[in-house]
Amino acid sequence: MGLPRRTGDRAELRKSLKPLLEKRRRARINESLRQLKGLILPLLGRESSRYSKLEKADILEMTVRFLQELPASSCPAAAPAPSDSYREGYRACLARLARMLPACRVLEPAVSARLLEHLWWRAASATPDGRRAGDSCGPPSPSSPPAPALSPPAPPRSPGLWRPW
């Protein structure tokens, strides 16, 4: 069987693939429900052997009830505040850059070190909207964490803020 060349061939191919795709979709749903049942029954303190033949709707209802009864205090711990996730993402990208930049050797080592130092200082006081907390021109306050020592910083070539452009 070759690739369909006419509109009728495409329709026939789609017609023959539809049952296979539907079978796979149902298998994924059933597998997820089986896993959900295995997770939810122990959390509810029920024996799996007594509930071997639960309907799909029962599994979903039990899960919804369980999630609704979770204490409100446990939800914020699961999801960090947007500003925290921003900082974590920024620092993760910066750590990856600190590993990649020396390996690529795109910049001179002194320039690379200054760039990383500048970005670490920005990360110490950055906010999700890209602004710095407090003064945007001076160094971060003494209470902010120090930048990790990657390599000794190069002496500044010119006074003022380093800019990459």
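Numbering starts at 1 and runs along the sequence shown.
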Q: Decide salt bridge (Lys or Arg N to Asp or Glu O under 4.0 Å) for Arg114 and Glu117; before the verdict, give the C-alpha distance in whole Å, the side-chain angles of both, and the deciding distance to 0.1 Å.
A: CA-CA 5 Å; Arg114 287 189 64 212; Glu117 179 186 12; 5.9 Å; no
Using distance only, find each side-chain donor-acceptor pair of residues 32-39 under 3.5 Å and give its atom names and separation, not counting sequence neighbours.
unit_1 : atom_1 : unit_2 : atom_2 : d
Ser32  : OG     : Arg28  : O      : 3.1
Arg34  : NE     : Glu31  : OE1    : 3.2
Arg34  : NH2    : Glu31  : OE2    : 2.5
Gln35  : NE2    : Glu31  : OE2    : 3.1
Lys37  : NZ     : Tyr51  : O      : 3.1
Lys37  : NZ     : Ser52  : O      : 2.9

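- In terms of heavy-atom proximity, Leu97 sits nearest to Pro102 at O-CD, 4.2 Å.
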Less than 3.5 Å apart, which donor and acceptor atoms pair up between the side chains of residues 53-71 and the rest of the protein, not counting sequence neighbours?
unit_1 : atom_1 : unit_2 : atom_2 : d
Lys56  : NZ     : Asn30  : OD1    : 2.8
Thr63  : OG1    : Ile59  : O      : 2.8

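- Using a cutoff of 4.0 Å between basic side-chain nitrogens and carboxylate oxygens, Arg91 and Glu88 are not scored as salt-bridged.
- Within the model, atoms CG of Leu115 and NE2 of His118 stand 7.5 Å from one another, a figure rounded to the nearest 0.5 Å.
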